[in-house]
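A note on names: the letters A, B, ... follow the listed sequences, proteins ahead of strands, and every chain is numbered from 1. Heavy atoms only: backbone and side chains are in, while hydrogens, waters and symmetry mates are out.
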Protein chains: 2
Amino acid sequence: MVTIKDVAKVANVSISTVSRVLNKSGYTSTGTKEKVMKAVEELNFEKNMVATAMIKKKTSTLGLIIPDIKNIFYGELTRAIEDKANQYGFNVILCNTDNDLDKEADYLNFLLRKGVDGIIFSTPEMNDRNIREIMKKRPDLPFIIIGSKVEGVQLDEILVDNLEGGYQATEHLLELGHRKIGFIGGQLDSYATSERYKGYEKAFNDYGLTPNESYVRLDEFKIHSGYNIGKDLLSLSERPTAIFAANDAIAVGVYKAARELDINIPDELSVIGFDDSQYADIVYPPLTTIRTPIIEMGEKTVDLAIQISRKGKNFKETVTYQPSLIERDSTGRVKENKDYPK
Amino acid sequence: MVTIKDVAKVANVSISTVSRVLNKSGYTSTGTKEKVMKAVEELNFEKNMVATAMIKKKTSTLGLIIPDIKNIFYGELTRAIEDKANQYGFNVILCNTDNDLDKEADYLNFLLRKGVDGIIFSTPEMNDRNIREIMKKRPDLPFIIIGSKVEGVQLDEILVDNLEGGYQATEHLLELGHRKIGFIGGQLDSYATSERYKGYEKAFNDYGLTPNESYVRLDEFKIHSGYNIGKDLLSLSERPTAIFAANDAIAVGVYKAARELDINIPDELSVIGFDDSQYADIVYPPLTTIRTPIIEMGEKTVDLAIQISRKGKNFKETVTYQPSLIERDSTGRVKENKDYPK
DNA sequence: TTGAAAGCGCTAACAG
DNA sequence: CTGTTAGCGCTTTCAA
């Protein structure tokens, strides 16, 4: 391994001089600068970041904690985060927890021991004890959460206005004449679900209506949840004419269920999703959905993490992005269904 | 920050003793062991891995270089790799290159300077100059490539038998009576494409046939490629009755094209993909495809990387996995099409 | 069985 | 403008 020492020897200067020119810190004459750079070239020297990390207590590394990278939403988010981090000269360590708090705790510990400069969470549970603990342990480090909130802690949050999104989705359906609108979400301890549900409720209320409780079902943000619940809902004697799926994966499951039951989308059933992930444009008919500005959010998260790491800013920020309705072909005007009473 | 020094003070022993009990190396009396552990607990001490890395030249970190984590195939692969690495107590740094060799070179340099214990590549190009260079530079480090080969270097390779997979796909179509079979792939400098194409050709030959050149098109392993080429192929006056898409993403694009042209799958067009990714079960009709054992391959990759890193094994291994045909509903017996002459 | 001391590769005062 | 020196937190001889 070529070290700064070797460079010093070849350039015939001291190691501190080498360090100075390498870091452009302090004064160095043009002459020595050149000598050093020549030696660097000659030896193909590259600074060992582990050594620097030891002194500076900075590793140029961010930890990213998500439930599962196979989930397309996190794939998109992760890509945005990694790209931005890379622009700053940072790397990201990927951690998949499957929402397992013990696994998360292990990762957290590991990341800390490795000296990461900040940790980005995108975990849905609002009562994540790990985050509380870690923040107490390392109040100096940036901890940013994206897409959710954690109860009982002040931390930097990057959010989408879920309530507004839920409202937009429901309103869209309502305007198309639907009244029997199903809601399929994750669990209520997930911030996204609870807010999106609130939006759903609010839209009904603003229309002078109340949602039918039996149309509201909670499970997971996954395809199979949409499929199972979709089958349930669509087998009801008085089935919904529209379904608001709290994310696109659930909507994909609903598509599957509808297909099995031979229910046409959008003629007999309108479906709206949430996120505007890749799924939305793959399924047929293309999915009407609520767009979450994932890329902007991911980038902002990294900006914040790195700013805090560098300047040690200390105030906890909440940045909220606005969602928007993306109309595709999975929603349509409600139609009288002759097969069963309305 | 609590250091080994603090522990030593509290336990009233020397730091080397603390180090010994922490690492279970050398002799320590039960008494001191206890004292030390008590102090560790009391102080909530956690060993700084950066310091250890400096001495041991091991970071328990692997670099993973892929084109794009948004691509579902890489999502699945990455998850398998990260899980396995985590089992070993390793982390993975994710790098997205978009197949940009300069970007890849930058990442590589960065990873080396950070002292990763090995690098896993899943980049399609066979003439990746970076890999050659880096291997010359650090012959001690494990470099494993998964899913592809690189010309002019001996490195550990984890592969799926692409030729066999291509053969199976084509044979399946041939057996269903198809003769006008399109092939849509990535570029020929991608190992996967070239081998899968060879399999396609071989199957034809084994049936005493030759593929129609005008049905063979190459672009990228992406949805839009499948879509564009699909539209082309399906607009031919004598269009293919079946298409072998060299990966599932391309198949998804073909679905889209077929839908726009109002061509029914599988009645008027059979489609077969490759990978058996999530896409296969999301689209309608569910996609017949060739399964690549991604999880096993990812795990094997990590096994190898860590084994080599630990024991410094030096022989370059090539592990080949067998693909298998997964029949779903996108392929069917060829039908006479009355709309145009056969 | 334990402690002292050297050192991993680099940075950062502090002198000069 | 440059060199000497003292670490960063830990591991590892080498003595005791």
Side-chain angles (χ1 to χ4, degrees), chain A residues 1-40 43-61 109-110 112-117 138 140 310, chain B residues 1-40 43-61 109-110 112-117 138 140 310:
Chain A
M1 179 185 252
V2 184
T3 77
I4 203 182
K5 238 174 175 168
D6 303 314
V7 177
K9 208 174 295 166
V10 170
N12 211 4
V13 295
S14 73
I15 58 163
S16 41
T17 299
V18 176
S19 177
R20 266 184 224 109
V21 351
L22 252 30
N23 299 306
K24 303 186 204 316
S25 67
Y27 301 94
T28 36
S29 73
T30 331
T32 41
K33 234 176 248 163
E34 274 169 8
K35 271 196 303 185
V36 170
M37 292 318 291
K38 222 186 72 199
V40 165
L43 297 172
N44 241 302
F45 168 80
E46 294 198 318
K47 203 161 65 177
N48 180 329
M49 296 183 79
V50 176
T52 310
M54 176 121 150
I55 304 172
K56 296 245 190 141
K57 269 120 192 62
K58 296 277 177 195
T59 52
S60 301
T61 309
N109 244 302
F110 208 36
L112 253 39
R113 300 214 293 133
K114 284 203 175 174
V116 295
D117 297 339
R138 295 293 307 274
D140 54 309
R310 291 219 241 259
Chain B
M1 180 184 250
V2 185
T3 75
I4 205 182
K5 238 175 177 166
D6 304 312
V7 176
K9 207 174 295 163
V10 170
N12 210 4
V13 294
S14 74
I15 59 164
S16 38
T17 299
V18 176
S19 177
R20 266 184 224 109
V21 352
L22 252 31
N23 299 307
K24 306 186 203 317
S25 67
Y27 301 95
T28 35
S29 72
T30 331
T32 40
K33 235 176 247 164
E34 274 169 9
K35 274 196 302 187
V36 171
M37 292 318 290
K38 224 186 72 200
V40 165
L43 296 172
N44 240 302
F45 167 80
E46 295 198 316
K47 202 161 67 176
N48 181 327
M49 296 183 78
V50 177
T52 308
M54 177 119 149
I55 303 172
K56 297 245 190 138
K57 269 121 192 61
K58 295 279 176 193
T59 52
S60 301
T61 308
N109 245 302
F110 208 37
L112 254 37
R113 300 215 293 133
K114 284 204 175 174
V116 296
D117 297 339
R138 294 294 306 275
D140 55 310
R310 290 219 242 260

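- Rounded to a whole Å, the NZ atom of A:Lys57 is 14 Å from the C1' atom of C:dG9.
- Here B:Leu22 lies out of heavy-atom contact (under 4.0 Å) with every strand.
- In this model, the phosphate group of D:dC10 is not approached by any side-chain N or O of B:Ser19 to a distance below 4.0 Å at OP1 or OP2.
- Distance from the side chain of A:Val13 is smallest to D:dG3 among C:dT11, D:dG3, D:dC10.
- Note: NZ (B:Lys58) to C1' (D:dT11) measures 15 Å, nearest angstrom.
- What separates CD1 of A:Ile15 from P of C:dT11 is a distance of 9 Å, to the nearest Å.
- Summary of the strand contacts: A:Arg20 and A:Ile4 both lie near DNA chain C, and taking for each the nucleotide with the nearest heavy atom, the more 5' one is attributed to A:Ile4.
- Across all strands, A:Ser29 comes closer than 4.0 Å only to sugar-phosphate atoms, never to a base (heavy-atom distances).
- For NZ of A:Lys57, the number of neighbouring non-hydrogen atoms (other residues, nucleotides, ligands) closer than 6.0 Å is greater than 12.
- In this structure, the side chains of A:Leu22 and A:Phe45 come closer than 4.5 Å at one or more pairs of heavy atoms.
- One N or O donor and one acceptor, one from the side chain of A:Ser16 and one from the base of D:dG3, sit under 3.5 Å apart.
- Looking only at atom types and distance, the side chain of A:Thr17 has a donor-acceptor partner in the side chain of A:Ser14 under 3.5 Å away.
- Side-chain proximity of B:Phe45 to the nucleotides D:dC10, C:dT1, C:dC8 is greatest for D:dC10.
- When the P atom of D:dC8 is taken as reference, atom CG of B:Asp6 falls 11 Å away, rounded to whole Å.
- When the C1' atom of C:dG9 is taken as reference, atom CG of B:Leu112 falls 16 Å away, rounded to whole Å.
- Using modelled atom types, one side-chain atom of B:Thr59 and one backbone atom of B:Gly115 make a donor-acceptor pair closer than 3.5 Å.
- Note on A:Val50: nothing from the nucleic acid sits closer than 4.0 angstrom, heavy atoms only.
- Distance from the side chain of A:Met54 is smallest for D:dG9 among the nucleotides D:dT2, D:dG9, C:dT1.
- Here the C1' atom of nucleotide C:dT2 and the CG atom of B:Asn23 are 16 Å apart, to the nearest Å.
- When the P atom of C:dC8 is taken as reference, atom NZ of A:Lys47 falls 18 Å away, rounded to whole Å.
- Residue A:Thr3 places no side-chain N or O under 4.0 Å from the OP1 or OP2 atom of C:dG9.
- Side chain of A:Lys56, nearest nucleotide from C:dT2, C:dA12, D:dC10: C:dA12.
- Residues A:Val7 and A:Val36 have side chains in contact (heavy-atom distance under 4.5 Å, counting atoms from C-beta outward).
- The side chain of B:Thr52 approaches D:dC10 more closely than any other nucleotide in the set D:dC10, C:dG9, D:dT2.
- Between the P atom of C:dT11 and the CE atom of A:Met49 lies a distance of 11 Å, rounded to the nearest Å.
- Proximity of a side-chain donor or acceptor of B:Lys47 to a complementary backbone N or O of B:Asn23 within less than 3.5 Å is not detected.
- Using a 4.0 Å heavy-atom criterion, one finds that A:Ser25 contacts no nucleic acid atom at all.
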